[in-house]
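Single-structure report; data block below.
All of these numbers come straight from a predicted model, not from anything done at the bench.
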Amino acid sequence: MARSIEPLVVGKVVGDVVDMFSPAAEFTVHYGPKQVSNGCEIKPSAAIDKPKVQILGPRNQTNLYTLVMVDPDAPSPSEPTLREWLHWLVVDIPEGFDCTKGKELVAYMGPQPPTGIHRYAFLLFRQRGGSLAGVTPPEGRSNFSTRQFAAHYGLGLPVAAVYFNSQKEPATRKR
């Protein structure tokens with residue numbers, strides 16, 4: 001059963017990052033043992049290493065997916081002048097596999113929120129026209145547009161999405 005889109009609307013991922021869509025696939029995102037669920041809190045220190053992202057469904061090498069991870073709140077939620085900050089971009093992930101089977105176009109960068117509570121959204125797109133292996137990666141991470149990227153490469157609307165919240169951790173005092 002596909003995830004509800006309501007938490008993505010309430011969390012304004014739908015609106016700030018993507019348009020309204022109908023979930024048509026499922027995937028899981030894990031940082032160690034913790035599964036990401038919409039609106040959950042994950043500390044930056046727990047998300048230093050790239051998560052395990054698994055596309056659910058029967059193993060099918062011909063159904064390919066693109067995974068986009070963005071922070072729509074960069075550098076601050078009140079003034080997101082760098083919206084969206086691209087944290088990760090993986091293409092050609094086969095259905096039923098994890099994203100290590102895809103091609104990483106932009107290397108994973110963990111959350112580093114300088115101020116406020118930031119949303120980190122994982123958006124999954126079904127590739128309609130075959131492989132995107134020849135796609136040129138974006139030149140920078142700031143001001144990435146998930147909508148424009150999806151439109152440019154014919155991806156349409158996402159088929160699944162999930163997001164978490166993260167905020168700067170207090171510095172540890174040395175004694």
Side-chain angles (χ1 to χ4, degrees), residues 3-23 27-32 34-53 65-91 93 99 102 104-125 132 135-174:
R3 296 173 190 248
S4 168
I5 195 165
E6 185 180 348
L8 296 163
V9 173
V10 172
K12 296 186 178 174
V13 171
V14 169
D16 287 350
V17 181
V18 293
D19 296 325
M20 184 65 78
F21 68 96
S22 296
F27 71 120
T28 59
V29 180
H30 286 87
Y31 283 102
K34 183 171 178 71
Q35 181 170 343
V36 174
S37 59
N38 284 316
C40 74
E41 173 85 17
I42 295 180
K43 293 178 181 176
S45 60
I48 292 169
D49 298 324
K50 70 176 77 166
K52 179 172 182 178
V53 177
Y65 292 83
T66 292
L67 176 74
V68 178
M69 178 188 176
V70 293
D71 171 4
D73 301 315
S76 75
S78 59
E79 291 187 38
T81 56
L82 300 177
R83 174 180 293 167
E84 300 152 32
W85 188 271
L86 181 61
H87 278 264
W88 201 19
L89 180 57
V90 185
V91 300
I93 310 165
C99 65
E104 192 174 70
L105 288 185
V106 175
Y108 176 78
M109 173 189 207
Q112 299 170 357
T115 183
I117 298 171
H118 288 236
R119 297 163 294 163
Y120 293 87
F122 293 91
L123 305 138
L124 190 68
F125 295 86
L132 292 179
V135 167
T136 304
E139 289 185 18
R141 292 180 185 263
S142 65
N143 300 117
F144 179 79
S145 171
T146 300
R147 282 185 182 96
Q148 286 178 4
F149 180 85
H152 187 77
Y153 293 105
L155 298 173
L157 294 170
V159 293
V162 67
Y163 82 99
F164 68 91
N165 294 318
S166 193
Q167 59 186 317
K168 187 174 185 174
E169 294 177 77
T172 54
R173 291 187 179 153
K174 294 182 179 175

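For E84 and R141, the salt-bridge test fails: no basic side-chain N is under 4.0 Å from an acidic carboxylate O.
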Identify each donor-acceptor pair in which a side-chain atom of residues 159-167 lies under 3.5 Å from a protein atom, sequence neighbours left out, and give them as a table.
residue : atom : partner : partner atom : Å
N165    : ND2  : G39     : O            : 3.2
S166    : OG   : I42     : O            : 2.7

Between side-chain atoms of residues 107-118 and protein atoms elsewhere (two or more places apart, or another chain), which donor-acceptor pairs fall under 3.5 Å?
residue : atom : partner : partner atom : Å
Y108    : OH   : Y31     : OH           : 2.9
Y108    : OH   : A47     : O            : 2.7
H118    : ND1  : D71     : OD1          : 3.3
H118    : ND1  : D71     : OD2          : 2.8
H118    : ND1  : D73     : O            : 3.3
H118    : NE2  : P75     : O            : 3.3
H118    : NE2  : T115    : O            : 2.9

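A distance of 9.5 Å separates CZ of R147 from CG of L157, quoted to the nearest 0.5 Å. Residue R83 holds its CZ atom at 11.0 Å from OG of S145, rounded to the nearest 0.5 Å. Residue F122 holds its CZ atom at 11.5 Å from CG of N38, rounded to the nearest 0.5 Å.
Side-chain contact between V17 and V70: present, with at least one pair of heavy atoms (C-beta onward) separated by less than 4.5 Å. Side-chain contact check for M20 versus V9: some heavy-atom pair is nearer than 4.5 Å. V135 has its side chain within reach of L105: a pair of non-hydrogen atoms, C-beta onward, lies under 4.5 Å apart. Residues L155 and T66 form a side-chain contact, since some pair of their non-hydrogen atoms from C-beta on lies under 4.5 Å apart. Using a 4.5 Å cut-off on side-chain heavy atoms (C-beta onward), C99 and I93 make contact. Between H87 and V68, the closest side-chain pair of non-hydrogen atoms is not below 4.5 Å. A 4.5 Å side-chain heavy-atom check between F21 and I5 finds at least one atom pair inside the cut-off. Contact of the L123 side chain with the L67 side chain is not registered, since no non-hydrogen atoms from C-beta on lie closer than 4.5 Å.
For the pair F125 and P158, the tightest heavy-atom approach, listed with the atom from each and the gap, is CE2-N, 3.4 Å.
In this structure, the side chain to side chain donor-acceptor pair (under 3.5 Å) partners of E169, at least two apart in sequence or on a different chain, are S45. In this view, P138 and L86, L89, V106, F144 satisfy the side-chain contact (heavy atoms from CB on, under 4.5 Å) rule, not counting sequence neighbours.
Within the structure, no pair that satisfies the salt bridge (Lys or Arg N to Asp or Glu O under 4.0 Å) test touches residues 36-49, not counting sequence neighbours. Counting only residues at least two apart or on different chains, no side chain to side chain donor-acceptor pair (under 3.5 Å) pair has a member in residues 148-161.
Remark: side-chain polar atoms of S37 are not paired, donor with acceptor, to backbone N or O of C40 under 3.5 angstrom.
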